[in-house]
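Naming: A, B, ... by sequence-line order, numbering from 1 per chain.
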There are 2 protein chains.
Amino acid sequence: MAPELHARLDRSSPVPLYFQVASRLQALIERGEIGVGARIENEIDLAERLGVSRPTIRRAIQYLVERGMLIRKRGVGTQVVHPKVRRPVELSSLYDDLVSSGRTPRTEVLQLTVMPVPAQAAAALEIELGTEVTWIERLRYAGGEPLALMHNAIPLGVLRPDRADLAEHGLYELLRRAGHVPRIATQMIGARSATSAEARTLTEKRGASLLTMSRTAWDAAGHVLEYGSHVYRASRYSFELSLSTH
Amino acid sequence: MAPELHARLDRSSPVPLYFQVASRLQALIERGEIGVGARIENEIDLAERLGVSRPTIRRAIQYLVERGMLIRKRGVGTQVVHPKVRRPVELSSLYDDLVSSGRTPRTEVLQLTVMPVPAQAAAALEIELGTEVTWIERLRYAGGEPLALMHNAIPLGVLRPDRADLAEHGLYELLRRAGHVPRIATQMIGARSATSAEARTLTEKRGASLLTMSRTAWDAAGHVLEYGSHVYRASRYSFELSLSTH
DNA sequence: GTCAATACTTTGTCCTGACAAACTCACATG
DNA sequence: CATGTGAGTTTGTCAGGACAAAGTATTGAC
C-alpha cells in the first residue's frame, strides 16, 4: 500500500484522527494510487498498522463512503468506486459558484426596499401576509453579460443589507457574516418563457426559455432566512448536481 | 417526554437498535410532540433510560442530524430544527416519483434499437464512439397527458430490455431487477425551447419552454449503467429538492 | 462433475469506559 | 456595574473488546 498511509498520525493536532485518516485515503484515491475497483486493506489491519482503534478507522471510511468514493460490503471489503469526491449538492449561492468556477460576477441592485411581503414569498417564509420584509431585486452578470434576475425576500430581523454590500457580495455571504448560517433549503427548479420585461433586462429575445429556481433557506435553529425567486438565462446557465445513495 | 420513548426496544428484532431509536424519535418529531426549537434529552440520560449504550444513541441522533431534523451543539444539546424529514435528493426515476406522488404513469415506447452510441452519450458513458448500445426513446404520460420525452443509451452488457418491460416499468426498476443498482449519478438541469417535433409530441405550442435533464448513472462498482437525456413540459413538471449542510 | 455443507474473512452492531472541548451560568472581584 | 473566573453540562473523540451477519472459498459427499 502507498507510503502516505504509513506516516504517523499527529495526535497533538486538533484535527481528529479519523479525519486525518480520511484525508490520507482521499488523497491516495484522488491521485489514483488506489484505482477504481481496487479493495482497500481491511479495517482491522488498517487500524493496527496506523496505531488507532477500529472505530476510528471505521469513521474515516464512513466519511468517504458518504462522499461516494468508497462502498463497503459485509464479508467482502471496501472498494473504491470513484476517484473524485462527489459532493452532494451544496447549499451555496450563485455568486460563490461563479467565483469558484473562475468567473467574475458583478451585481447590479435594481431595487432595495422594505415592503409588505408578496403573497408567494409569505407562504414560503411561513409568515403573515402584510408583514414587512426587505425586498431585493438584483441583476447578476458573469463575464460582462447578464446571467440572472434575482428576487429575494428577507425577514427584517434577519438582515438589513445596504446597496453597497449587495453590489459587492453574495447574499449568502452577507447572511453568514451576520451570524445566520444557511443550513437547510428547499428548491424548486422549473422553466418558463421570458416576459418582455425579463427579456429586455436579460438581453434575450422575447419568449426565450428561462430556467427558474425558487428557494427557501433556514438556519440551524429552524428560523427562515430568505426566500428567493430567480430566473436564469437558459442559454448561459444550468444546474449541475451529483447524487449518491448510501 | 413522550411515552413512545419509554417502550422497550426489541432486541430480538433484526432491525438495529440505533435504527429503532431513530425511528421513534423521528415519529415524535413528525407528530410535533417535540416541537421545533425544543431540546431533546441529553445522550447519557437517553441511553440510560432506553437501556442502550451512548454510542447507540449517538448513532440514532446522527442519523436524524444527517436528515436535517436535528442539530447538535457541544456544551448545549440537541435541538429539533425541522419537523419533516428532509430527504436529500434521491436517485429515483420519474416513474417511481409519479407513482409515489399518487399519479398514474403510462409509458409509450417510441423506439428501441441497438445502434452506435450517439456522440453526446459516448462522452457521458465514457465509451468509444461507434460502440453499440441500446437506444430507447420513450414518451411518459401522467394522468392521461404527455409529460416527458425521454432518450436513454444503455451499454449492451448492462441490460437488454424489451418493449413490454419498458412499457410497464421504470427504467431504474428494470436496472435494479437485473442486479444493477444505481448508486451514483450526475445530473444537469437546464431549459430550452421545444423544437416543432418535440412540441407536437408533447402537445405543446412550438417554442414552448421545456425543462431538460441529462443524467449519467453508475453502480456501486463504478460501472456506467445509463445515460439519459430527457425533456419535460415545463408547464407540468418541475424538480424539487432539499439540501442540508452538516 | 455437481452441489451442499463448512470454515474463513470482512464488515455491521453494540458495549463499557475515559477524557477533551465547547458552551452556559452563577459568582466573585475590580 | 462590568468582567472574567470557574464549576457544571453536554457533545466530540477515541480505545478495546465481543459477537452477529453476509459473503467467499474450500472441502466433502454423492
Side-chain angles (χ1 to χ4, degrees), chain A residues 1 8-25 34 37-66 69-81 179 181 183 219-221 246, chain B residues 1 8-25 34 37-66 69-81 179 181 183 219-221 246:
Chain A
M1 191 143 291
R8 270 235 277 300
L9 297 167
D10 182 0
R11 283 180 179 270
S12 65
S13 160
V15 178
L17 291 177
Y18 77 87
F19 196 82
Q20 294 184 39
V21 174
S23 301
R24 286 189 193 180
L25 275 172
I34 310 179
R39 284 219 316 249
I40 66 172
E41 212 175 337
N42 78 59
E43 297 172 353
I44 296 171
D45 292 352
L46 214 46
E48 195 174 336
R49 210 151 55 72
L50 289 173
V52 298
S53 69
R54 188 174 159 221
T56 301
I57 292 290
R58 276 186 70 75
R59 188 158 178 192
I61 291 174
Q62 183 61 32
Y63 179 79
L64 297 179
V65 167
E66 274 159 18
M69 296 181 89
L70 298 176
I71 56 147
R72 313 206 248 201
K73 283 193 204 130
R74 193 189 299 199
V76 179
T78 304
Q79 277 185 312
V80 177
V81 286
V181 184
R183 285 316 245 291
D219 70 4
H246 46 261
Chain B
M1 190 142 292
R8 270 234 278 299
L9 297 167
D10 182 1
R11 281 178 181 273
S12 65
S13 159
V15 178
L17 289 176
Y18 78 87
F19 196 82
Q20 294 182 40
V21 174
S23 301
R24 286 189 193 180
L25 276 171
I34 309 177
R39 284 219 315 251
I40 68 172
E41 212 176 337
N42 77 58
E43 297 172 353
I44 295 170
D45 292 353
L46 213 46
E48 196 172 336
R49 210 153 54 71
L50 290 173
V52 298
S53 70
R54 188 175 159 222
T56 301
I57 292 290
R58 276 185 71 76
R59 188 157 177 193
I61 291 174
Q62 183 62 32
Y63 180 79
L64 297 179
V65 167
E66 273 161 17
M69 296 181 88
L70 298 175
I71 56 147
R72 315 205 248 200
K73 282 191 203 133
R74 195 189 299 200
V76 180
T78 304
Q79 277 184 312
V80 177
V81 286
V181 184
R183 283 317 246 288
D219 72 5
H246 47 260

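Across all strands shown, A:P55 has heavy atoms under 4.0 Å from base atoms, whether or not it also approaches the sugar-phosphate. In this structure, A:I44 reaches the bases: a heavy-atom distance under 4.0 Å links it to at least one base atom across the strands shown.
Heavy-atom distances to DNA chain D give each of B:T78 and A:T56 a nearest nucleotide, and the one nearer the 5′ end belongs to B:T78.
Side-chain contact check for B:T78 versus B:I71: every heavy-atom pair is 4.5 Å or farther apart.
Between B:E43 atom CD and C:dC15 atom C1' the separation is 16 Å, expressed in whole Å. The CZ atom of A:R59 sits 18 Å away from the C1' atom of C:dT11 (whole-angstrom rounding). Across the protein-nucleic acid pair, A:I40 atom CD1 and C:dT10 atom P stand 12 Å apart, rounded to whole Å. As rounded to whole Å, 4 Å separates atom P of D:dG12 from atom CZ of B:R72. Protein atom CZ of A:R11 is 11 Å distant from nucleotide atom C1' of D:dT13, rounded to whole Å. Between A:Q62 atom CD and D:dT13 atom C1' the separation is 16 Å, expressed in whole Å. Rounding to whole angstrom units, OH of residue B:Y63 and P of C:dG12 are separated by 16 Å. Look at CG on B:D45: it is 13 Å from C1' on D:dT11, rounded to the nearest Å.
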Stepwise side-chain contact (heavy atoms from CB on, under 4.5 Å) check, B:L46 with B:V21: CA-CA 10 Å; B:L46 213 46; B:V21 174; 5.7 Å; no

What string of B, S and - do you get for nucleotides 18-27 of chain D, 5' to 3', when a contact is any protein heavy atom under 4.0 Å? B--BBS----

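Closest of all the heavy-atom pairs between B:Y18 and B:A60 is O-CB, 3.2 Å. The shortest heavy-atom contact between A:V52 and A:L9 is CG1-CD1, 3.6 Å. Across B:D10 and B:L17, no two heavy atoms sit closer than the pair O-CD2, 4.3 Å.
Formation of a donor-acceptor pair under 3.5 Å by the B:Q20 side chain with backbone atoms of B:V15 is found in this model.
Residue A:Y18 places no side-chain N or O under 4.0 Å from the OP1 or OP2 atom of D:dC14.
With C:dT10, D:dG12, C:dT16 as the candidates, the nucleotide lying closest to the side chain of B:S53 is C:dT16. Here the side chain of A:R58 is nearest to one of C:dG12, C:dC14, C:dC15, namely C:dG12.
In terms of the side-chain contact (heavy atoms from CB on, under 4.5 Å) criterion, residue partners of B:S23 (sequence neighbours excluded) are, by chain and number, B:F19.
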